[in-house]
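Since the structure comes first, as structure tokens, the remarks are kept for the end.
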Amino acid sequence: MASLSTSVISLPRHPNSSPPTFSTDLRISSHPALSLVDQCTSIKQLKQVHAQMLRTGVFFDPYSASKLIAASALSSFSSLDYARQVFDQIPQPNVYTWNTLIRAYASSSEPAESILVFLEMLDHCSECPDKYTYTFAIKAASELRALQVGRGFHGMTIKASLGSDIYILNSLVHFYGSCGDLDLARRVFVKTPKKDVVSWNSMITVFAQGNCPQEALELFKEMEAENVKPNDVTMVSVLSACAKKVDLEFGRWVCSYIQRNEIKENLTLNNAMLDMYVKCGSVEDAKRLFDRMPEKDIVSWTTMLDGYAQLGNYEEAWRVFAAMPSQDIAAWNVLISSYEQSGKPKEALAVFNELQKSKSPKPDEVTLVSTLAACAQLGAIDLGGWIHVYIKKQVMKLNCHLTTSLIDMYAKCGDLDKALEVFNSVERRDVFVWSAMIAGLAMHGQGRDALEFFSKMLEAKVKPNAVTFTNVLCACSHTGLVDEGRTFFYQMEPVYGVVPGIKHYACMVDILGRSGNLDEAVELIEKMPIPPTASVWGALLGACKLHGNVVLAEKACSHLLELDPRNHGAYVLLSNIYAKTGKWDEVSGLRKHMRDAGIKKEPGCSSIEVNGSVHEFLVGDNSHPLCKEIYSKLDEMALRLKSNGYVPNKSHLLQFVEEEDMKDHALILHSEKLAIAFGLISLSPSQPIHVVKNLRVCGDCHSVAKLISKLYDREILLRDRYRFHHFREGHCSCNDYW
DNA sequence: GTAGGGTTAG
């Protein structure tokens, strides 16, 4: 046997040194060149064998040429371009040769080529595509999620009398599922005459991955009832369905089922069990399994890492991260996204920084999506903009995920123009891209524009979803478009097929309540088909505060506290209503109750980004290095405001403060004012002051910001928990409607 | 001589 340990290959001499003859020569299948093909470990070696085959003429035997193509296209060192070159040298490729190329492209990174080769085959091959050809071509269509193309193949298989081939039918189930058409997948499955285990597996997988975990589990039971023995692949999908359903009990049952039925455990199955445990919240079960797994790969480690991170146990998460054999980008992404999603955007950015410093792995699309979301939370536009440039420099394709994140980041960082620029620059806009743009316009108070975008979206034939409607209603709420809001709300289900959810009800209550239609808001709550949640009562309570309706406020508040007894926001709102109507006894009563129950008001916190770093201020904060300068600026501001007729609005104090002077003092120390003062001293006059506040802006701070924008001739952009306030020349973009 | 179904991060 020839050895390939050297890079230059010398083929063994043919036993009788005479050139081989082909066509009918059966010895060809054992020709030495062919066994060499199997031993190649690099494209270079393959090329040497190829050259020898050409020289000896072996290449012109279709069987031999196909082997060469298979090796160049399907091996670990595969090069499809090379395979294509080899293919093009073959004078008359047969069906098998065509199949090899179509198969190789189908599972490559360019499945579209597979379809093109299939079409070429129809033109150039004297034989018809066979059952193998179709399975490969259908696989390519699945990869591409090309519904129409696949349907075409489906029709062709029927015409070619291959309509009952089990391989083709199973591929079709998988294909329709990956196109998201569960209905067609099911129809093919139902019509499959003799279902084998793969048929069942395919359909279960389609349900599990298509957000129908319940159907997946039911089908598994049906499969059992039909006495089809499930295998390891079945169980992977069943576990995935348990994970999606967050059904730990059933998940545990499945694990014991696997043992009872002696389904052979392998790495993938163990990983699926790990994932199920983690998704169902039992990292303990996951850890027990992890410790006894004979083999672990990067997926096992990443799943454990995710388990700890999701539970907020970052100490253990970092320990797993450090212990993994290698940290791939997925591991970094777990950390960044879990920090970002649990409201720790600063930590997320710190991890991103570490990743940058470590040089490898390179951030991928998921990294950037999570990091942009963290920037959006913080209002960190410098880093956000940097990532935008990074994407352009890396010539990364802006897919819809990234586009959505960029629009969201720019909008939440106050740069609506940039958000629009991104929106206008892309070719493809899915429902999320449109919805993000509508949300951006809404939060900047441009409700009418938001609605115009909504109609453009409909014109573009993009179907709105629940998120779209939340944003549309939000736009109506921020701009006070009551009639429009009502119309959209009542059109949702009959016209667009989107059933109003709790968020939509909360928005609608907000729209009605805010505009003073408190009775209608109450009526809507009473008629809701789903039980109202804290957010719904919260919206009503907010409206009561705006319109000074103490009686209704107390009712809303008691409902709210019934559902969420520790909701400090409710106490604050009610207390504000009491304060507004001068009921100071009630204010102190509430205060006392909060103290006794150990409920603390979430401290107001404002942050401002100056030269790329984020500075945070709490109320009365004096921890900033420039604290002295900030406070003297505040004194100056107070004087200037007073001399311009400003009177502090004390109803915005939660605390009952005896001394009048103290009240003024507490107000002037609100975090947003500290941040604005810091902005005034550290930014050049041409730079707008961007402040992000964690709570809703207080009424007094709102008036102050308006005045400052005029007296100091500065633009102030304040983002509160709900929206943007853009102060310019004494006015706010919200028109004092918020 | 070829085939179909599976696990991690948004």
With sequence neighbours excluded, tell me which residues meet ring-ring contact (aromatic ring centres under 6.0 Å, His included) with Phe77(A).
none

Using the test ring-ring contact (aromatic ring centres under 6.0 Å, His included), find all partners of Tyr134(A) that sit at least two apart in sequence or belong to another chain.
Phe118(A)

Listing, residues 205-212 of chain A side-chain donor-acceptor contacts under 3.5 Å, not counting sequence neighbours, or none:
from	atom 1	to	atom 2	distance (Å)
Thr205(A)	OG1	Asn201(A)	O	2.6
Thr205(A)	OG1	Ser237(A)	OG	2.8

Heavy atoms only, 4.0 Å cut-off, all strands: where does Asp275(A) land among base, sugar-phosphate and nothing?
sugar-phosphate

So Phe136(A), base contact, sugar-phosphate only, or nothing? Heavy-atom distance under 4.0 Å.
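The answer is base, as Phe136(A) lies within the cut-off (heavy atoms under 4.0 Å) of a base atom.
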
Verify, without hydrogens or angle tests, whether Ser75(A) (side chain) and Ser72(A) (backbone) share a donor-acceptor contact under 3.5 angstrom.
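Side chain of Ser75(A) to backbone of Ser72(A): no pair is present.
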
Within [range], find the residues that approach DNA chain B with a heavy atom at under 4.0 Å, and present them sorted by residue number.
range                       : value
residues 316-336 of chain A : Ala330(A), Asn333(A), Val334(A)
residues 177-185 of chain A : none
residues 218-234 of chain A : Asn231(A), Asp232(A), Val233(A)

Looking only at side-chain N and O atoms, does [X] come under 4.0 Å of OP1 or OP2 in [N]?
X         : N      : result
Lys279(A) : dT7(B) : no
Ser66(A)  : dG1(B) : no
Gln341(A) : dA9(B) : no

Does the aromatic ring of Tyr132(A) sit over the six-membered base ring of dA3(B), closer than 5.5 Å centre to centre and tilted less than 30°?
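No; centroid distance or tilt outside limits.
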
